[in-house]
Amino acid sequence: MSLSPLIWVLHGPNLNRLGQREPEIYGSATLDQINQKVSQRGQVLGVQTDFFQTNHEGAMIEKIHQAPAAGVRFIVINPAAFTHTSVAIRDALASVSIPFVEVHLSNVHRREPFRHQSYFSDLAEAVICGLGPAGYVSALEFAAERIAITRG
Ligand code: CA2
């Protein structure tokens, strides 16, 4: 009996504050509520999900470094503000060679010009922005489909 494939969902800085401020931009769901929805969808799709949020760049890098040994097949990541600043997290993702989807709750292209630049998009399998929390679920569905295809 094989274990269900593992997908990590990684959240960057300040996303632990969801549901408390700026609902007009990020919606009213809390991070726990989003994670719960993703986890439930994962159960239906037959994939295992694990969640991690950090406000620290180094902690995100170290988490990503652990992914191969943990048997992670796919990563869903909202790097939050690190999207626009972090060559180091980009390099960490490149170093583990695990496919990933970049997710943003808001449509970053409709916002300030500095949010239009991402250090991740050209490495990502896909980029989802502007769908709100549903973007994480769509990313998970895409990842599960990709894993199923590569399993044959
Ligand atoms: O739209 C997204 O998901 C972002 O990744 C969110 C980041 C932002 O820096 C990116 O440009 C786009 C910010 C997350 C901040 O989260 C908050 C949550 C509650 C209240 C205030 C901010």
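Whatever order the structure lists them in is the order used to number ligands and atoms, beginning at 1. The analysis underlying the following values was restricted to heavy atoms, covering all of them including side chains, and did not include hydrogens, waters or symmetry mates. Counting begins at 1 with the first residue of the sequence.
- For a threshold of 3.5 Å applied to N or O pairs, the pair formed by L105 and ligand 1 contains at least one separation below that value.
- Cluster annotation: F120 is connected to M60 through the hydrophobic network of ILVMFWY side chains, with a link wherever side-chain heavy atoms come within less than 4.5 Å.
- At a 4.0 Å heavy-atom cut-off, ligand 1 touches N78 through the side chain alone.
- Test V9, I64, L10, I77 against F52 for side chain to side chain contact (heavy atoms under 4.5 Å, CB included) and you get one pass: L10.
- Looking at R90 and D122, a side-chain N of the basic residue comes within less than 4.0 Å of a carboxylate O on the acidic one, giving a salt bridge.
- Using cut-offs of 30° and 60° on the angle between ring planes, the pair F74 and F142 is perpendicular.
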- side chain to side chain donor-acceptor pair (under 3.5 Å) between T83 and E102, intermediate numbers included: CA-CA 9 Å; T83 306; E102 174 185 347; 4.8 Å; no
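- Every atom of ligand 1 with a heavy atom of N14 under 4.0 Å away is listed here by number and element: 15 (C), 16 (O), 17 (C), 18 (C).
- Atoms of ligand 1 lying under 4.0 Å from any heavy atom of R21, numbered from 1 in the order shown and given with element: 19 (C), 20 (C).
- Among residues two or more places apart in sequence or in another chain, the ring pair (Phe, Tyr, Trp, His ring centres under 6.0 Å) test is passed with Y136 by H11.
- Ligand 1 has no N or O atom lying under 3.5 Å from any N or O atom of Y26, backbone or side chain.
- Counting heavy atoms under 4.0 Å from ligand 1, residue V108 touches it through the side chain alone.
- In terms of protein heavy-atom proximity, atom 4 (C) of ligand 1 is closest to H104 ND1, 3.7 Å.
- Under the 4.5 Å side-chain criterion, counting only non-hydrogen atoms from C-beta, V137 is not in contact with I34.
- Here the side chains of P99 and R73 are not in contact, with every heavy-atom distance at 4.5 Å or above.
- Below 3.5 Å of separation, one finds an N or O of R115 facing an N or O of ligand 1.
- No N or O atom of R17 sits closer than 3.5 Å to an N or O atom of ligand 1.
- The E22 neighbourhood of ligand 1 comprises atoms 21 (C), with distances under 4.0 Å to a heavy atom of that residue.
- Protein heavy atom nearest atom 1 (O) of ligand 1, with residue, atom name and distance: S106 OG, 2.5 Å.
- The contact set between ligand 1 and H84, taken as ligand atoms under 4.0 Å from a residue heavy atom, comprises 10 (C), 11 (O).
- Qualifying side chain to side chain contact (heavy atoms under 4.5 Å, CB included) partners for Q20, counting only residues two or more places apart in sequence or in other chains: R17.
- In summary, the atoms of ligand 1 found under 4.0 Å from a heavy atom of L15, numbered by their order in the structure, are 14 (C).
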